[in-house]
Amino acid sequence: MSTKLSSRMDRFGASATVTLSARIAEMRAAGRSIISMNVGEPDQFTPENIKEAGIRAIKGNDTKYKVNMGIPELREAIAHKLKEDNNIDYSLSEIAVSVGAKQALMSSILAIVDEGDEVIIPVPCYLSYPDMVRFAGGIPVFPSLNPDDFSLNVDNIRERVTGRTKAVIICSPNNPTGSVYSEESLRELAELALEKDFYVIADEIYEKLMYGPKHFSIASVSDVVKSHVITINGFSKAYAMTGWRIGYAAARPDIIASINKIHSQQTTCVAGFIQQAAIEALAGPQDSVEIMRKSFEERRDYCYNRLSAMPGVKCPKPEGAFYIFPDISGCLNDKISTDSAFCEYVLEEEGVAIMPGSAYEWPGSIRISFASSMETLKEAMDKLEAAIRKLK
Ligand SMILES: Cc1ncc(COP(=O)(O)O)c(C=O)c1O
């Protein structure tokens with residue numbers, strides 16, 4: 001007998017954003033005032049019509065177990081959305097409803113990745129992907145996006161493909177950079193996926209928050225490409241539903257059956273009243289999405305202009321999501337010599353919480369979430385600028 005923890009627990013770490021949020025809560029409890037520029041959630045609240053749908057469902061006693069894969073009405077609404085918005089035909093047996101897009105990502109990886117399989121993740125990347133792959137026993141491989149604008153570089157991916165490559169994980173619009181991958185680059189990746197026979201996990205959770213270019217879904221290229229793709233999406237960002245915990249995966253029926261098998265042993269189903277709220281999100285009025293998108297665009301412009309004018313800061317302009325990812329290597333000195341030390345310094349000195357680029361496999365940069373009010377952003381930018389000027 002041994003009371004040691006499993007060796008699996010040594011393979012991966014806790015989410016750095018979740019850990020930082022816990023630290024901020026402690027600092028606030030100790031009386032410090034902290035501006036959170038680290039959080040990945042809209043500052044807006046869930047629209048009233050969606051909340052009302054959830055409340056109606058609870059009052060109507062929609063509080064029992066539901067079918068494992070998600071209620072048919074919700075999967076129908078998702079299939080309709082994927083056809084209308086993304087030009088992909090998914091049947092109901094090709095859709096699994098999950099506890100957030102995060103669960104859909106983790107279950108997809110568990111469903112396809114064997115011990116020792118390689119999973120290519122272009123970087124900078126969403127910080128959960130590498131640890132999810134490690135948790136599943138896979139090996140993350142990190143080719144770079146184009147450093148100037150963080151666009152997708154398929155040649156860099158091609159160079160890292162081996163006989164053990166199982167999948168490539170992409171995220172467009174991108175967390176943490178805000179870049180949007182072009183249709184051309186996604187078609188090129190689709191060709192490579194067919195040639196080398198690997199999966200593409202396409203995380204499209206920021207698809208509704210874009211400031212110029214058009215979104216393109218890689219699964220829409222052709223039926224054979226679709227059979228290699230797992231499309232991930234959710235409700236957290238577009239409908240300000242982070243705390244409801246609902247998302248989905250769409251893929252071939254055998255992949256979806258495997259994902260559902262995992263969920264059947266893990267979470268059983270998503271609560272019925274949350275699924276009812278999600279139906280309202282997709283089928284109800286969409287004006288709140290556009291209002292939120294516009295407000296983020298204004299905030300993106302403000303942060304971009306402020307950061308670009310700061311000494312030592314280089315900043316590609318985000319085209320989607322609500323993050324900006326400036327290079328701050330020009331601000332570092334002998335004492336504050338890494339992005340992590342920089343974030344620690346800004347948190348301690350100025351009470352502004354930001355994420356270090358190294359958490360996204362890209363040292364020398366920082367990630368700032370601009371999903372806060374203009375007033376808060378102004379204060380945060382003033383404080384960040386003051387901290388940078390003190391370093392000079
Ligand atoms: C790229 C990306 N994918 C997935 C998620 C998880 O979303 P959900 O709240 O639906 O689990 C996030 C959340 O920050 C994200 O940034």
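As the structure is a prediction and not an experimental result, all values here were calculated from the model. Just follow the structure's listing: the first ligand is 1, and inside any ligand the first atom is 1.
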I'd like to check whether [X] has a polar contact with ligand 1, where a contact means an N/O of the residue lying under 3.5 Å from an N/O of the ligand.
X	answer
T242	no
I205	no
Y323	no
R245	yes

Under a 4.0 angstrom heavy-atom cut-off, which atoms of ligand 1 come close to [X]?
X	result
N175	1 (C), 15 (C), 16 (O)
C171	1 (C)
Y206	1 (C), 14 (O), 15 (C), 16 (O)
Y129	1 (C)
G100	10 (O), 11 (O)
S236	8 (P), 9 (O), 10 (O)

Aromatic plane relationship, F342 with Y345 - under 30° parallel, 30 to 60° tilted, over 60° perpendicular: tilted

Which segment of Y248 sits under 4.0 Å of ligand 1 when only heavy atoms are counted: neither

Region of F235 that comes within reach of ligand 1 [heavy atoms, distance under 4.0 Å]: neither

Q103 and Q266: side chain donor to acceptor below 3.5 Å: yes

Lys/Arg-Asp/Glu bridge criterion (N-O < 4.0 Å) met for [X], [Y]:
X	Y	value
E204	K237	no
K226	D223	no
K208	D85	yes
E290	R293	yes

E73, CD atom: more than 12 neighbouring heavy atoms under 6.0 Å: yes

Heavy-atom neighbours of Q265 CD exceed 12 at 6.0 Å: no

Mark the output for [X] as yes if a heavy-atom distance to ligand 1 is under 4.0 Å, and as no if none is.
X	result
G234	no
D203	yes
G247	no
E41	no

Tell me: protein heavy atom nearest [atom], and distance?
atom	value
atom 5 (C) of ligand 1	Y126 OH, 3.5 Å
atom 13 (C) of ligand 1	K237 NZ, 2.8 Å
atom 10 (O) of ligand 1	A101 N, 2.7 Å

Identified side-chain contact (heavy atoms from CB on, under 4.5 Å) partner of C343 from the options I336, I366, N38: I366

Y206, F370, F150 screened by ring-ring contact (aromatic ring centres under 6.0 Å, His included) with Y323, the one that passes: Y206

Hydrophobic cluster identity match, V133 and L110, side-chain contacts under 4.5 Å: yes

Transitive ILVMFWY side-chain link Y199 to V154, under 4.5 Å: yes

